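Reviewing the structure listed below.
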Amino acid sequence: MVIASDSDDRTLVVAAQGGDRASLDTLLRRHYNRIYAVCRRVTGHDADAADAAQEAMIAIVRGLGRFDGRSSFGTWIYRIATNASLDELRRKRRRPVSALPADRDGGGTTIEVADPDAGIRVDGLGDRLLLDRALAELAEDFRIPVVLRDVGDLDYAEIAAVLGVPVGTVKSRIARGRAALAAALGHDFGNQPDPDERPTTAS
Amino acid sequence: MTEELLPPDRTLASAAFDNEVTADERAQFETSPTLQAERDVYASVRAQLRDVDVPATIRDNAIAAALVAFDSLGAVGNPQTPARVVPLAPRRERRDRMRGWLAGVAAAAVIGVIGLAVVNRGNQDDDKSASLDTRAASIASTAAATESAEDSAGKSPALNSSAGGAADTTIVALDAPAAAPLDGRPVFESPEQIADVYGTGDAAADTTAAAVADSAAPAATTEAATQIAVCAADPALGDIAAIYRGEPVILRFRMDDELRVVDVIPEATCVVAETIPLG
């Protein structure tokens, strides 16, 4: 049986679960770009996003037999993509760091060996780097719901299911995350959280 | 910052932007130019967030790797063959029943072939037939020996491809929740056993899989050995709860420079103890 490439996700999932490689290929191609985009915005780094997205794709394939359709396919795969991205961040944090020789003041500066871009100064380098920095400064609890909503296109209930938190918490975190991002990107409007309330990584 | 929910008026513009508001809230939003301006800012931020370049080669490589993983699950090199997903436990029981049946079939085949060879021995003109009989006897013996070897090696039969050359291909649903009882887990004593069960095996016939298999298989890396893992099997990520060398472990699959590997994570330490390449 040939499954049309414009079939809905559920049809393709069932066919792929039945061993139809072409359906799986269609399914993966349909969702890859958004999975990558989610990974890119969660990890903040192109190479990490590529690794995380590939891990996610493999995990999706390996878990496909257990996907029972109770949640939407999108919810399921973005949960996997989010987990893969967070795993990538954890791996990145565990990579060895080395200290630069002490400067004249006796202080030292550390850099991440595996991430030569980590020390890039973003001032004046354009919107994309500014956005990366703004996202990096946003705590994961706020960054991930915003990414899942604005990039993954999940609704609040789906995000709540992915993160295991109440819908009200999702609503609040998205509002705070967005406000913090907007402020970091130079947008100015009223009704923003006070600066000391902003959900940064340090908070 | 504490995890306090914002009051509704502080989330209204954001929620309205997402169509996650009540009719009353919608009406309130529609009458407020300030909230609408805030919504416009959020729309701008969303557009920036979505503006991600996806390199085509990265996408193609990721999808190829995922398809290799798919092939390695059991649909190897035969996309036309229908496959089915079955839970592990019933498959194991069925395989055990099949094993006894196959042993009987193999024994009957050996006897039959020997009988044919005796009959054909009298036929001086049929050298070809004798040759074929010898090959058939060899194949039957090999099948019996393979079955016997699997038994003695203690390989988990439920994790192998279909028994006895069954016409269909099976994707094994590896049900390994974090709370799986110890006695329900597959048992391994060596890296080779794990690679045998979860490796791609004949998938090397596939060109992409061959490229993976041809890669140098690295030993456990220093980095992997120092990784601290999340100490729970995550079925959504394909983790397997298993027993390895008598110890409960999590088997976590990943790609390492295009080579599929599995990290062995003892549950007692939550630290990757060994990384096994799955060629």
Side-chain angles (χ1 to χ4, degrees), chain A residues 17-22 24-25 28-29 32-33 36-37 40-41 50 53-55 57-63 65-66 76 79-80 83-84 87 90-91 94-95 127 131 141 146-147 149-151 155-156 168-169 171-172 174-176 178-179 181-182 185 187 189-191 193 197-199 203, chain B residues 1 3-6 9-11 13-15 17-18 20 34-35 37-38 41-42 44-46 48-52 54-55 58-59 61-63 65-67 69-71 73-75 79 81-85 169 171-175 223 226-228 230 234-238 253-255 260:
Chain A
Q17 286 175 328
D20 186 342
R21 200 175 192 269
L24 178 67
D25 187 281
L28 297 178
R29 288 187 186 282
Y32 181 82
N33 284 8
Y36 178 89
R40 176 65 181 78
R41 291 312 184 200
Q54 179 161 311
E55 292 283 356
M57 300 297 267
I58 292 170
I60 288 166
V61 168
R62 293 190 58 82
R66 288 186 294 269
W76 184 66
R79 173 172 172 260
I80 290 175
N83 283 338
D87 281 350
R90 292 186 193 107
R91 275 195 287 272
R94 290 195 298 272
R95 285 172 191 153
D127 290 345
L131 179 62
D141 282 350
V146 170
V147 170
R149 175 68 202 126
D150 282 348
V151 184
D155 63 29
Y156 286 7
T169 302
K171 186 177 184 179
S172 177
I174 287 176
R176 295 173 86 157
R178 277 180 176 152
L181 274 181
L185 294 172
H187 297 288
F189 51 83
N191 204 29
E197 286 185 2
R198 283 179 188 156
S203 60
Chain B
M1 189 176 66
E3 178 71 45
E4 294 175 359
L5 298 186
L6 290 176
D9 63 313
R10 298 280 296 277
T11 63
S14 173
F17 177 47
D18 292 329
E20 300 267 3
T34 303
L35 291 176
E38 188 178 343
V41 169
Y42 294 152
S44 168
V45 172
R46 173 179 290 180
Q48 283 184 266
L49 286 169
R50 288 187 173 183
D51 183 20
V52 174
V54 182
I58 297 288
R59 179 185 60 230
N61 288 343
I63 291 172
L67 291 173
F70 179 72
D71 291 340
L73 286 174
T81 302
R84 63 178 184 272
V85 178
T169 307
I171 298 173
V172 178
L174 298 164
D175 45 347
E223 180 188 352
T226 56
Q227 280 182 359
I228 299 172
V230 177
D234 185 347
L237 293 177
F253 299 82
R254 61 185 174 83
M255 298 296 289
R260 211 171 135 250

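It should be emphasised that the depicted structure is a prediction, and the values quoted were computed from it without experimental measurement. Every heavy atom of this structure was used, including side-chain atoms; hydrogens, water molecules and symmetry mates were not.
To the nearest 0.5 Å, atoms NE2 (His187(A)) and CD (Glu38(B)) are separated by 12.0 Å. Between the CD1 atom of Ile58(A) and the CG atom of Leu67(B) there is a distance of 10.0 Å, given to the nearest 0.5 Å. The line from OG of Ser14(B) to NZ of Lys171(A) is 9.0 Å long, rounded to the nearest 0.5 Å. The distance from the CG atom of Asp20(A) to the CZ atom of Phe70(B) is 7.5 Å, given to the nearest 0.5 Å. Atom CZ of Arg29(A) sits about 4.0 Å away from atom CD1 of Ile63(B), to the nearest 0.5 Å.
Contact detail for Arg10(B) and Ala175(A): the closest heavy-atom pair is O-CB, 4.1 Å. Closest approach of Ala66(B) to Leu28(A), counting heavy atoms only: CB-CD1, 3.6 Å. Smallest separation of non-hydrogen atoms from Ala15(B) and Tyr156(A): CA-OH, 3.7 Å. Looking at every heavy atom in both residues, Arg41(A) comes nearest to Leu49(B) through NE-O, 2.8 Å. Nearest approach of Thr11(B) to Ser172(A), heavy atoms of both residues: CG2-CA, 4.2 Å.
Under a 4.0 Å N-O distance rule, the pair Arg21(A)/Asp71(B) qualifies as a salt bridge.
No side-chain heavy atom of Arg178(A) sits under 4.5 Å from any side-chain heavy atom of Val45(B). Counting heavy atoms from C-beta outward, Asp18(B) and Asp155(A) have side chains that stay 4.5 Å or more apart. When side chains are defined from C-beta on, Leu131(A) does not count as touching Asp51(B), because their heavy atoms never get closer than 4.5 Å.
Using a 4.5 Å cut-off between heavy atoms, Ile174(A) touches chain B through backbone and side chain atoms alike. With a 4.5 Å cut-off on non-hydrogen atoms, Tyr32(A) touches chain B through its side chain but not through its backbone.
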Task: Val52(B)/Val151(A) under side chain to side chain contact (heavy atoms under 4.5 Å, CB included): CA gap, chis, key distance, verdict - done: CA-CA 10 Å; Val52(B) 174; Val151(A) 184; 5.6 Å; no
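When atom types are taken as modelled, the side chain of Arg50(B) and the backbone of Asp150(A) share a donor-acceptor pair closer than 3.5 angstrom. In terms of modelled atom types and a separation under 3.5 Å, the side chain of Arg62(A) and the main chain of Ala69(B) share no donor-acceptor contact.
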